[in-house]
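Structure first, commentary second.
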Amino acid sequence: MKNIKKIYLYGNLKMNMTRGETEGFYKEFDALAKEPPLAEAMGKTLEAAVFPPFTSLCAAESASKTCTPGLAPILGAQNAWFEPKGAFTGDVSLPMLKDAGCTHVILGHSERRTIFLETDELIARKVKAALDAGFVPVFCYGETLQEREGNKTFDVISRQLKALSALSAAELEKIIYAYEPIWAIGTGKSATSEEAQEACAYSKNLLAEMGVKSAVVLYGGSVNPGNAKELLSMDAIDGALVGGASLKADSFLQIYKGYAGI
Ligand code: PGA
């Protein structure tokens, strides 16, 4: 394979996939992942992760044990509460997610911010708790259509990233950042590669000012096998956080294949 950068391919399954469907996903994923040249890329130039809903995490963990050694995707959750346990009806803690086999956790997804009214402050608290519990937080941020049209994109990115400024540089370095413009999520209308590049490059500069030497920044919002190559070839974009196109192992992995030309 030609000289290509490492791609982070993260699948946010959202509120989809029963336990049985999750098992089916893993079977298909393994069948595809063990075929060369994908098998050679797995864990090297491709870091794949899946984020199933809470009820399917244990099924995902069991299914990953049946995958070809070294080829199972990383397992993560889509959200968590910051307290370790107690009277928080309806929520799930980080130690519970660790017990279910997760190493990563998505925090601050725009659907949590807009539908569940999570604030910058709450999300920062969750990110700190996730880091303290040894997780890799996948921190999502991005502007609404109205904010973009009002030329507020960079102000919003700046506000959302600076909400993490109480963290040390070493902590900020451990986070995976996912720039997801809200108008591009689930709409089929991805940002152009230039728009995504501009926002991710801006984020990296800002994170550098906050002391992060080499931030990993993913783009998310209607990424699919058709637009993957263009988006992932941009130098400020380290990978993709994928919703809709991650629901089938085939289209999910096609995103990497499209980029790598395999
Ligand atoms: P989408 O979702 O790929 O379906 O637009 C991305 C996300 O919300 O992470």
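As the structure lists them, so they are numbered: ligands from 1, and atoms in each ligand from 1.
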Is any side-chain N of the basic residue among Asp238 and Lys5 closer than 4.0 Å to the acidic one's carboxylate O? no

Numbered atoms and elements of ligand 1 in range of Ala184, under 4.0 angstrom, heavy atoms: 5 (O)

Element-labelled atoms of ligand 1 that are located less than 4.0 Å from some non-hydrogen atom of Gly221: 5 (O)

So for atom CZ, which belongs to Arg125, do other residues, nucleotides or ligands contribute more than 12 heavy atoms lying within a distance under 6.0 Å? no

Over 12 non-hydrogen atoms of neighbours within 6.0 angstrom of NZ in Lys248: no

Measure Ala245 to ligand 1 on non-hydrogen atoms and call it side chain, backbone, both or neither using the 4.0 Å cut-off. neither

For Leu241, counting its heavy atoms only, list the atoms of ligand 1 lying under 4.0 Å from any of them. 6 (C), 9 (O)

Any atoms of ligand 1 less than 4.0 Å from a non-hydrogen atom of His109? List them with their elements. 7 (C), 8 (O), 9 (O)

Could you list the atoms of ligand 1 found under 4.0 angstrom from a heavy atom of Ser222? 1 (P), 3 (O), 5 (O)

Is there a side-chain contact between Leu97 and Phe135, using heavy atoms and a 4.5 Å cut-off? yes

Closest non-hydrogen contact found for Leu247 with Met17 is O-CE, 3.3 Å

What heavy-atom pair brings Ile7 and Gly239 nearest, and what distance separates the two atoms? CG2-CA, 4.2 Å

Give me the other members of the hydrophobic cluster that Phe116 sits in, counting Ile, Leu, Val, Met, Phe, Trp and Tyr linked by side-chain heavy atoms under 4.5 Å, directly or via other members. Ile115

Has Cys140 got any heavy atom lying under 4.0 angstrom from an atom of ligand 1? no

Gly186-ligand 1 polar pair, N/O distance under 3.5 Å: yes

Quick check: does Gly244 get an N/O under 3.5 Å from an N/O on ligand 1? yes

Best match, Glu180, Glu111, Lys14, Gln78: closest heavy atom to atom 9 (O) of ligand 1: Glu180

Can any side-chain N or O of Glu173 pair as donor or acceptor with the backbone N or O of Val212 at less than 3.5 Å? no

For atom 3 (O) of ligand 1, what is the nearest protein heavy atom, given as residue, atom name and distance? Gly243 N, 2.8 Å

Could you see which bit of Asn12 sits under 4.0 Å from ligand 1, with heavy atoms only: side chain, backbone, both or neither? side chain

Below 3.5 angstrom, do we get any N/O pair linking Thr187 and ligand 1? no

Are Asn12 and Val138 close enough that some pair of their side-chain heavy atoms sits under 4.5 Å apart? no

